[in-house]
Amino acid sequence: MTSDEQFMRRALELARAGVGLVSPNPAVGAVVVDSAGNEAGAGTHTYDGIKHAEVLALERAGGRARGGTLYLNLEPCSHQGRTGPCADAVIAAGIARVVCSMQDPNPQVAGEGFARLRAAGIRVDVGMMEAEARRLNEAFAKFIRHRVPLVTLKAAMTLDGKIAPPPAGLAVAKEVAAGGSTGGWITGEIARKYVHELRHEHDAIMAGVGTVIADDPLLTDRSGRARRRPLLRVILDSWLRLPEASRLVKSAQGDVLVIYSKADESRKRELENLGLRVERVAPCRDDERPDLADVMRHLAKYDVTSVLIEGGATVNWTALSSGVVDKLFLFYAPKILGEGAVPFVASGGPGHAHVVLSPRHVRLHQFGEDFAVEGYLRDLWD
């Protein structure tokens with residue numbers, strides 16, 4: 001590994017430390033190396049900390065920055081936001097060379113930061129570990145260019161594509177199809193622990209009311225997120241059937257948003273009096289469920305840059321058929337549930353089109369005896 005690769009990897013590690021603390025800004029890490037080749041300063045951007053990573057690194061390096069090299073995973077900004085242009089700070093510090101993974105996808109920057117540095121006589125090298133840098137900030141890229149969040153659909157299933165055992169009766173079957181399971185874990189502890197890491201990487205988690213009725217989950221991420229921005233728990237609930245005795249309702253502290261399409265105002269007020277945020281989104285043309293494309297645009301108004309869907313069979317089918325899903329993360333356990341068990345997707349009924357999807361850029365992950373398939377349904381950088 002060259003020294004450039006070593007310091008760039010360090011910058012990426014620093015950037016990852018900002019995940020869960022930085023949204024709606026990008027995750028950025030920076031390292032200043034002095035002219036003798038030694039690390040002189042480093043920084044990680046967090047939204048609450050205000051200062052950007054490169055400014056923090058330059059401040060910590062002090063006079064040792066002059067004539068040195070700055071490593072960072074994202075182009076220094078060139079515009080005035082909550083802080084001044086970082087490109088100007090780099091120039092003022094006397095940096096001689098900048099090594100950066102990628103151009104900023106923000107249309108307000110998009111190469112202008114690099115141009116400003118080069119105009120000041122600074123050598124700029126772009127592209128080192130770009131693939132890793134892009135993955136780190138793919139949600140920011142989607143949001144900043146299209147003003148909708150990156151949507152990842154996560155599910156845990158058996159080798160025969162089932163997400164829950166056969167329901168005990170018709171009433172339970174209806175709830176499971178709407179978004180729940182009949183209890184018990186499909187995957188092992190290692191995979192379940194990683195799910196909390198996935199939740200931590202997202203601004204919001206989304207499930208159907210059927211999941212709440214069947215499983216009574218908390219839908220938390222159990223990690224050290226910014227107090228400013230807890231994981232937003234979003235429940236799709238057309239008729240506002242959410243049980244008031246559920247753990248989700250009892251634990252709500254302004255971090256539960258219920259999206260409905262058909263219920264009356266009196267029920268809405270009842271849930272709001274319990275501390276929930278309850279908002280209406282128009283239903284789909286084909287049925288009475290909230291239109292998921294509108295739901296995502298609605299969430300973007302709150303600067304939600306990423307959503308993790310953890311639904312049941314019908315929520316999964318609705319999300320995939322609506323075209324809102326960008327990415328899949330599907331866990332598989334070495335089990336077979338057989339006939340009658342709940343499938344990964346369940347059609348909304350007659351008249352709904354059959355959907356064929358082909359994930360791209362597929363990666364496999366091992367979690368003990370379980371494994372996961374990660375893939376993209378669209379190119380996020382088009």
Side-chain angles (χ1 to χ4, degrees), residues 1-19 21-137 140-141 144 226:
M1 182 184 297
T2 66
S3 58
D4 277 351
E5 292 171 330
Q6 175 185 344
F7 290 122
M8 182 57 72
R9 195 161 297 284
R10 166 90 165 120
L12 284 165
E13 289 173 358
L14 289 164
R16 289 189 193 96
V19 172
L21 305 174
V22 69
S23 184
N25 285 357
V28 183
V31 178
V32 174
V33 176
D34 64 22
S35 56
N38 301 311
E39 181 176 320
T44 295
H45 174 59
T46 61
Y47 190 89
D48 291 340
I50 299 180
K51 289 183 179 180
H52 290 186
E54 51 268 58
V55 171
L56 290 170
L58 291 168
E59 288 181 349
R60 290 162 183 165
R64 294 173 64 192
R66 188 160 298 278
T69 301
L70 172 66
Y71 295 85
L72 71 168
N73 59 298
L74 190 70
E75 176 184 7
C77 63
S78 57
H79 64 290
Q80 178 69 45
R82 293 198 306 158
T83 67
C86 290
D88 291 352
V90 174
I91 294 168
I95 288 290
R97 178 182 177 225
V98 170
V99 181
C100 188
S101 296
M102 60 176 286
Q103 178 176 296
D104 194 331
N106 185 347
Q108 288 187 288
V109 184
E112 289 300 319
F114 291 147
R116 191 173 295 191
L117 296 176
R118 289 184 173 116
I122 297 174
R123 174 183 168 186
V124 179
D125 297 324
V126 183
M128 178 168 286
M129 300 182 185
E130 183 175 7
E132 294 179 45
R134 284 192 168 204
R135 286 176 61 83
L136 183 61
N137 277 311
F140 171 75
I144 202 66

Quick one: does Val32's side chain get under 4.5 Å of Arg60's, heavy atoms only? no
I'd like to know if the side chain of Ser101 reaches the main chain of Gly127, judged simply by a donor and an acceptor atom lying under 3.5 Å from each other, with no hydrogens or angles considered. no
Interatomic distance, Leu58 atom CG to Leu70 atom CG [nearest 0.5 angstrom]: 6.0 Å
Which word best sums up how the rings of His52 and His45 line up, parallel for under 30°, tilted for 30 to 60°, or perpendicular for over 60°? perpendicular
When rounded to the nearest 0.5 Å, the distance separating CD1 of Ile144 from CD of Gln108 is 7.0 Å
Search all heavy atoms of Gly29 against all heavy atoms of Ala15 and return the closest pair with its distance. N-CB, 3.3 Å
To the nearest 0.5 Å, tell me how far Arg135 CZ sits from Met129 CE. 15.0 Å
Can you tell me how far CG of Asp34 sits from CD of Glu39, rounded to the nearest 0.5 angstrom? 10.0 Å
Please tell me if the side chains of Leu136 and Pro26 come closer than 4.5 Å, counting only heavy atoms from C-beta onward. no
Say whether, by atom type as modelled, one donor and one acceptor occur between the side chain of Asn73 and the main chain of Leu12 under 3.5 angstrom. no
Note, Val55 side chain near Cys86 side chain (heavy atom, < 4.5 Å): yes
Where the side chain of Glu75 meets the backbone of Glu112, is there a donor-acceptor pair that is under 3.5 Å apart? yes
Asn137 side chain to Ala27 backbone, donor-acceptor under 3.5 Å: yes
What are the two closest heavy atoms between Pro85 and Arg116, and how far apart are they? CB-NH1, 3.7 Å
Grab the two heavy atoms, one from Phe140 and one from Asn106, that are nearest each other, plus how far apart they are. CZ-CB, 4.3 Å
Give me the atom names and distance for the closest heavy-atom approach of Pro76 to Ala87. CB-N, 4.0 Å
Kindly indicate whether the side chain of Arg64, heavy atoms from C-beta on, has any atom under 4.5 Å from the side chain of Asn38. yes
Roughly how far apart are Leu72 CG and Met8 CE, rounded to 0.5 Å? 6.5 Å
Pick one: which of Arg10, Arg97, Arg9 meets salt bridge (charged side-chain N to carboxylate O under 4.0 Å, His left out) with Asp4? Arg97
Answer yes or no: is there a donor N or O on one side and an acceptor on the other, between the side chain of Thr44 and the main chain of Leu14, under 3.5 Å? yes
Nearest atoms (heavy-atom pairs only) where Tyr71 meets Val33: CE1-CG2, 3.6 Å
What I'd like to find out is whether the side chain of Phe114 reaches to under 4.5 Å of the side chain of Val126, using heavy atoms alone. yes
Close side-chain approach of Leu21 and Asp48, heavy atoms under 4.5 Å: no
At their closest point, which heavy atom of Leu56 faces which heavy atom of Gly43, and how far apart are they? CB-CA, 4.1 Å
To the closest 0.5 Å, what do you measure between CZ (Arg123) and CG (Leu117)? 13.5 Å
